[in-house]
Amino acid sequence: MAETVEFELVSPERLLLAEQVAMVVVPGTDGDFGVLPRHAPLISTVRPGVIAVYKSRAEVSERIFVAGGFAEVTGERCTVLAEEAMPVGQIDREAVAQQLRDLAEDVADAKSDPDRRAAEAALAVAQAKQAAARSI
Amino acid sequence: MASLKDLRNRIGSVKSTQKITSAMKMVAASKLRRAQEQAEAGRPFAERMEKVLASLAGAVGSTGGGPRLMTGTGGDDVHLLVVVTSDRGLCGGFNGAITRETRKRLRSLTDQGKQVKLFCVGRKGRDNLRRDFANLIVESVMDVGRPRLGFADASAIGGRLIEMFEAGEYDVCTVIYNRFESAISQIVTGQQLVPLPPPEGDAAARPAGGAVYEFEPDEDAILASLLPRNLSIQVYRALLESAASEQGARMTAMDNATRNAGEMIDKLTLVYNRTRQAQITRELIEIISGAEAL
């Protein structure tokens, strides 16, 4: 297979991943989308979820959890700007379960609307993380 | 005339000072390398963010409107200055340069009849500005990035800035920090964060192929969630630059101090030797003249 997409995963602190891949599937806010070579230019927000990287068309070579961010897609390149990212295999299930309990309490305790919204957003991220950990 | 013992003590104390300053220089040099690496690592994200933002601004700008973080509140009556300094001293003119610039801006804004508020990051800046402008300081954070500067630190500050903006506490926000040029030179920079200055050159608004981006869900929604993050990124960048500058400034200052201490030791040693010599001569004369008198 000749054509590849240049996939880059960047966090504010460093460049996490930059490689040539056959396809990536990104969890966009409006639904997952796969990026193949010569994809139409697109900018999308990313919801908390799992990015699947396909080194070859047949199989997933890597699964990376991201806690939201942005994706910029052009014909040759797919750049994901993520604030928090880690390989699915590295998620500590117990830590996430603990976090979920804490955050659920935060949501219940929140006094004002903005506080509650912030807690709920954090909870959604933790839930997505747990789902990602379960998926393997 | 100082006695020999006094001189010995002074030489001893200058020597130990020299040891401390040269150790601090070495520590600063290694911290500087780390800070530089971190600043380097953070660059790709900021660059990509800028590009996305530029293409978005191009798309939204043509239709008019856009979130207030970008367009501003329409007024510019209340200015917020974010002053980034260090928590520790002994770094030459590092903090002085920042506070001087802050005072200059503050004066010129007040002369124009604007209201100014200060947001201090770092202990030194707060302590310095508190003397004259205690009532203007609305917020101060200290011990940022200890032990290690992370994006979380920046996003905490960014979040606070946005909260204040939403509450209508300011119209224009500028961050003042030391931009890292090299280990011996840091440049005081004022960067406007809110409203976002328009990106340079609108050529960036189009992807390489010449086609226009599609947006998902839509421009406004993306912009609304991107702008606050961009603010945090800019703050993060300022913090990183400032951290690297601080270590650079400290390294230079400590290098100078070590050299000065060396010069001082040389001078004192010379005086010490002369005094010792003179004392020996005097004692000899006393003995000889005593013997002659017999």
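Worth knowing before you read on, the calculation uses all heavy atoms, side chains too, and leaves out hydrogens, waters and symmetry mates. Chain identifiers are assigned alphabetically (A, B, ...) following the order of the sequence lines, protein sequences preceding nucleic acid strands; residue numbering begins at 1 within each chain.
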Report summary line: Bottom line for A:Glu84: the part with an atom under 4.5 Å from chain B's heavy atoms is neither
Report task. For chain A, find its close neighbours in residues 41-49 of chain B: heavy-atom separation under 4.5 Å, sorted by number, or none. Result -> B:Ala41, B:Gly42, B:Pro44, B:Phe45, B:Arg48, B:Met49
Report summary line: Taken to the nearest 0.5 Å, the spacing of A:Thr45 OG1 from B:Leu223 CG works out to 12.0 Å
Report task. Using a cut-off of under 4.5 Å on heavy-atom pairs, state which of B:Ala154, B:Ser225, B:Ala152, B:Ser155 scores highest against chain A. Result -> B:Ser225
Query - Residue, of A:Gly69, A:Gly28, A:Gly75, A:Gly31, that accumulates the most heavy atom pairs under 4.5 Å with chain B - result: A:Gly69
Query raised in the report: Which residues from residues 233-245 of chain B are near chain A, with near meaning under 4.5 Å between non-hydrogen atoms?
Result: B:Ile233, B:Tyr236
Report summary line: Minimal heavy-atom distance between B:Phe151 and A:Glu13, with the atoms involved, is N-OE2, 2.6 Å
Query raised in the report: When A:Phe70 is tested against each of B:Val52, B:Leu226, B:Leu53 for side-chain contact (heavy atoms from CB on, under 4.5 Å), which residue passes?
Result: B:Leu226
Report task. For A:Glu94, look at atom CD and say whether over 12 heavy atoms of other residues, nucleotides or ligands are found less than 6.0 Å away. Result -> no
Report summary line: The interface call for A:Ala82 against chain B, heavy-atom contacts under 4.5 Å, is backbone
Query raised in the report: Should we count CD1 of B:Ile184 as having more than 12 external heavy atoms under 6.0 Å?
Result: no
Query raised in the report: Out of curiosity, B:Lys51 NZ to A:Thr79 OG1, how far, rounded to the nearest 0.5 Å?
Result: 6.0 Å
Report summary line: Of the listed B:Ser232, B:Gly150, B:Pro217, B:Ala39, the one with the largest count of heavy-atom pairs under 4.5 Å with chain A is B:Pro217
Requested in this report: Can you see which heavy atom on A:Ile43 is nearest to which on B:Tyr213, and at what distance?
Outcome: CG1-CD2, 3.7 Å
